[in-house]
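These notes concern the structure reproduced below.
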Number of protein chains: 2
Amino acid sequence: MKEKRNNRVSSFDVARLAGVSQSAVSRCYTPGASISEKSRAKVLKAAKELNYSPNIIARSLVQKTTRIIGVVMNRYASPFYSRVLGEFTRKIQEKGHNILLMNIHNEQGVDDILSTALQYQVDGLVITSATLSSTVVESCLQTQTPVVLFNRYSMHNEVSAVYCDGSDGGRKAAELLLPRHRRFACIKGEEGSSTSRDRSQGFIQAIEENGIRDYLCERGDFTYDSGYAAAERLLDRKDRPDAIFCVSDLMALGTMDAARHKFNLKIPEDLSVIGFDDIDMASWSSYDLTTLRQPLITMVDAAISQLFRSIENLDEGTLVRKLKTDLITRTSTRHSP
Amino acid sequence: MKEKRNNRVSSFDVARLAGVSQSAVSRCYTPGASISEKSRAKVLKAAKELNYSPNIIARSLVQKTTRIIGVVMNRYASPFYSRVLGEFTRKIQEKGHNILLMNIHNEQGVDDILSTALQYQVDGLVITSATLSSTVVESCLQTQTPVVLFNRYSMHNEVSAVYCDGSDGGRKAAELLLPRHRRFACIKGEEGSSTSRDRSQGFIQAIEENGIRDYLCERGDFTYDSGYAAAERLLDRKDRPDAIFCVSDLMALGTMDAARHKFNLKIPEDLSVIGFDDIDMASWSSYDLTTLRQPLITMVDAAISQLFRSIENLDEGTLVRKLKTDLITRTSTRHSP
DNA sequence: ATGAAAGCGCTAACAG
DNA sequence: CTGTTAGCGCTTTCAT
């Protein structure tokens with residue numbers, strides 16, 4: 001026991017059984033290689049008999065390419081990021097690559113995580129979490145590992161990024177709400193989150209430009225529960241808002257539930273709510289939430305194609321793509337038809 | 001361009017700079033190895049200077065262990081499986097291993113997917129999707145790659161499995177509903193799904209044992225939309241059911257929305273609904289769905305510990321763990337208090 | 001088209 | 001404790 005599995009069959013075993021050289025069997029699994037039909041048949045037959053398939057780790061060592069893409073995420077229990085992950089895996093697998101999934105639990109260990117990804121010699125890196133420390137950026141640069149940030153952008157401009165214009169989205173939300181409402185509120189995410197910051201700033205700036213100064217702000221952490229709790233604080237006041245912009249759909253759904261079931265408010269008659277992301281639940285008929293849709297598919301496509309362009313052609317530069325949200329108006333807000 | 005990145009620094013570079021042998025630097029990164037503080041310091045200094053870190057691919061080749069666990073899933077955009085994936089990644093990373101995530105899109109490609117996982121020399125395999133073809137089972141056996149099935153079980157009994165007793169869950173649902181209802185219905189999942197089959201059979205068997213024969217059945221595909229659609233078909237009948245058991249929460253939520261917003265029914269006065277899984281949304285106040293909770297954490301724990309027991313000690317046998325659901329009663333069903 | 005041989009970057013005996 | 005050496009399983013020249 002604990003004896004390393006030495007029973008794996010290698011290309012030598014196959015070669016011996018097939019009566020050819022070991023390089024012949026290697027060539028059998030190398031698309032462009034020149035090998036006669038006769039040899040190929042013998043090899044394939046022997047391979048099947050022994051249940052052989054090439055060791056990709058060994059191949060990677062010599063080819064200096066693993067066909068592995070590291071995907072770094074956190075919070076992907078959220079519906080939005082779980083769809084993002086789904087799209088990434090689908091696209092990456094389509095391209096014949098595989099995914100090393102790395103989960104960040106505390107912003108703490110980001111550097112460690114990234115560094116083990118690099119140790120696995122990933123061909124590329126998708127990062128939907130954390131801002132890169134300069135150490136990591138340097139390592140990627142040095143090893144020439146292509147990186148693309150997803151819904152993050154970097155202070156250092158040596159790294160590619162695809163993200164959504166949160167500020168513009170927040171502004172659109174404000175513009176929809178401004179006409180028919182009097183008291184505005186915003187439920188943000190964690191202090192450090194750049195997406196939360198952008199979205200809320202866009203919203204606040206727009207309402208301030210319209211002369212409104214006494215809006216309210218609360219903070220959640222992007223989850224349903226935190227949205228519910230933040231809404232409770234907001235709606236408990238005598239000067240309760242009649243329009244709430246949440247920087248994530250999940251918080252918006254929590255807000256709607258708090259409003260309806262704890263405060264007996266009617267939506268949108270008593271309160272308009274607007275979210276951000278357009279997750280599946282936003283269109284469920286219990287909610288029918290007005291929201292800012294992130295063009296998820298387009299974003300993933302852009303990220304993937306940028307990444308693979310870098311992988312295939314190392315002289316490519318970096319590229320930052322900033323996409324716009326679509327305002328999806330549903331019945332959770334009062335607005336002109 | 002397209003020139004393989006030859007600029008990676010290797011242990012030889014570090015050794016040269018540090019003025020020691022290459023094995024010395026290797027030992028520096030091998031926990032139990034014997035090396036003097038002096039050498040270690042020299043190596044570490046040189047390593048930092050060159051930004052060196054060991055190539056895990058090369059290490060894996062000689063150690064015959066990659067510290068990679070293959071995780072095979074499908075449908076993980078669903079809230080339940082996205083939490084499952086979250087738990088798996090957390091636990092696996094805690095154990096110092098990493099995840100190769102493989103997404104199944106069509107039951108078709110299962111064998112290919114599994115086979116590439118094996119080619120990557122994964123130390124173990126978690127499969128939450130698909131039933132294994134005997135080819136794959138054989139490959140795993142031969143390469144001695146430990147496998148654990150999650151919410152699946154195998155005809156072949158050479159493979160470990162952890163799953164939830166769906167039949168028992170269905171029965172519990174029936175027992176809750178039997179007292180106060182007259183017309184029962186069940187919304188199943190796809191024909192081929194074993195989880196769907198078990199859960200619905202348990203339910204149906206229990207109501208039949210109570211002399212009820214004229215229950216209704218519809219089929220969805222585990223999604224909200226399909227649940228909504230199935231409920232529409234059910235509730236459009238003049239002999240509409242007053243109790244519906246859905247084999248997944250998502251379908252149950254779709255059912256509730258169809259009932260309330262399309263048919264103007266009151267829940268639970270006009271219709272009781274019960275789901276399966278206990279996803280987050282089930283406890284949202286708009287739904288407050290009675291459901292059968294799968295002991296997700298326990299299940300993942302069991303799967304992980306079984307897997308690692310096999311990895312660390314290859315003479316272990318296979319083990320099948322069948323866990324029970326918990327009935328979580330909420331206000332979507334009429335039942336005794 | 002084919003085989004022999006030289007590594008890929010590392011670990012693991014084996015001497016010293 | 002340290003350096004030397006022999007591979008891990010494969011791809012890739014280089015001759016043939």
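We use all heavy atoms of the structure for the numbers below, so side chains are in, but hydrogens, waters and symmetry mates are not. Throughout, a chain's letter reflects where its sequence line sits, starting with A, and its residues are numbered from 1. Treat the numbers as computed from the prediction; the structure is a model and nothing was measured.
Note: CZ (Arg40(B)) to P (dC1(D)) measures 10 Å, nearest angstrom. Computed from coordinates, the Tyr52(B) OH to dG9(C) C1' distance equals 8 Å when rounded to whole Å. Between Gln121(B) atom CD and dC10(D) atom P there is a gap of 8 Å when expressed in whole angstrom units. Nucleotide dA1(C) holds its C1' atom 12 Å from the NZ atom of Lys42(A), rounded to whole Å. Computed from coordinates, the Glu37(A) CD to dT2(C) P distance equals 10 Å when rounded to whole Å. Atom-to-atom, CD1 of Ile57(A) to P of dT11(D) comes out at 13 Å; the value is rounded to the nearest Å. Protein atom CD1 of Ile35(A) is 12 Å distant from nucleotide atom C1' of dG3(C), rounded to whole Å. Rounded to whole Å, atom P of dC8(C) lies 19 Å from atom CZ of Arg59(B).
Close to dG3(D), at under 4.0 Å from its OP1 or OP2, lies no side-chain N or O of Ser23(B). Ser60(B) has no side-chain polar atom (N or O) that falls below the 4.0 Å cut-off from OP1 or OP2 of dC10(C). Side-chain nitrogen and oxygen atoms of Ser36(B) include at least one within less than 4.0 Å of the OP1 or OP2 phosphate oxygen of dT2(D). Between Ser21(B) and the phosphate of dT2(D), there is no side-chain N or O to OP1/OP2 separation shorter than 4.0 Å. Contact check, Tyr29(B) against dA12(C): no side-chain N or O comes under 4.0 Å of OP1 or OP2. Remark: Ser26(A) is not in phosphate contact with dC10(D), judged by side-chain N or O atoms under 4.0 Å from OP1 or OP2.
Annotation: Tyr81(B) is not in aromatic contact with Phe222(B) [ring centroid separation under 6.0 Å not met].
Distance OG1/Thr128(A) to CE/Met299(A): 10.0 Å, rounded to 0.5 Å. Note that CZ of Phe150(A) is 14.0 Å distant from OG of Ser160(A), once rounded to the nearest 0.5 Å.
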Under the criterion side-chain hydrogen bond (donor to acceptor under 3.5 Å, both in side chains), I'd like the reasoning laid out for Glu158(A) against Thr318(A): C-alpha separation, chi angles, the key distance, then a yes or no.
CA-CA 6 Å; Glu158(A) 315 96 350; Thr318(A) 66; over 6 Å; no
May I have the step-by-step check of ring pair (Phe, Tyr, Trp, His ring centres under 6.0 Å) for Tyr52(A) and Tyr29(A), ending in yes or no?
CA-CA 11 Å; Tyr52(A) 167 82; Tyr29(A) 295 90; 5.6 Å; yes
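Side-chain atoms of Ser39(A) lie closest to dT2(C) of the nucleotides dA12(C), dT11(D), dT2(C). Distances from the side chain of Arg27(B) to the nucleotides dA13(C), dC10(C), dT11(C) place dA13(C) closest. Of the listed nucleotides (dC10(D), dG3(D), dT13(D)), dC10(D) has the atom at the smallest distance from the side chain of Phe12(A).
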Which atoms of nucleotides 6-8 of chain D (N or O only) lie under 3.5 Å from a protein N or O atom, and what are those distances?
residue	atom	partner	partner atom	Å
dC8(D)	O3'	Lys64(B)	NZ	2.9

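Using a 4.5 Å heavy-atom cutoff, the side chains of Gln93(B) and His105(A) are in contact. Residues Asn55(B) and Tyr120(A) form no side-chain contact, since every pair of their non-hydrogen atoms from C-beta on lies 4.5 Å or further apart.
Nearest-nucleotide mapping onto DNA chain D: of Val25(A) and Ala24(B), the residue sitting toward the 5' end is Ala24(B).
Evaluation of the side-chain hydrogen bond (donor to acceptor under 3.5 Å, both in side chains) rule for Tyr163(A) yields no partner, not counting sequence neighbours.
Residue contacts shown for Ser11(A) are limited to sugar-phosphate atoms, with no base heavy atom under 4.0 Å away.
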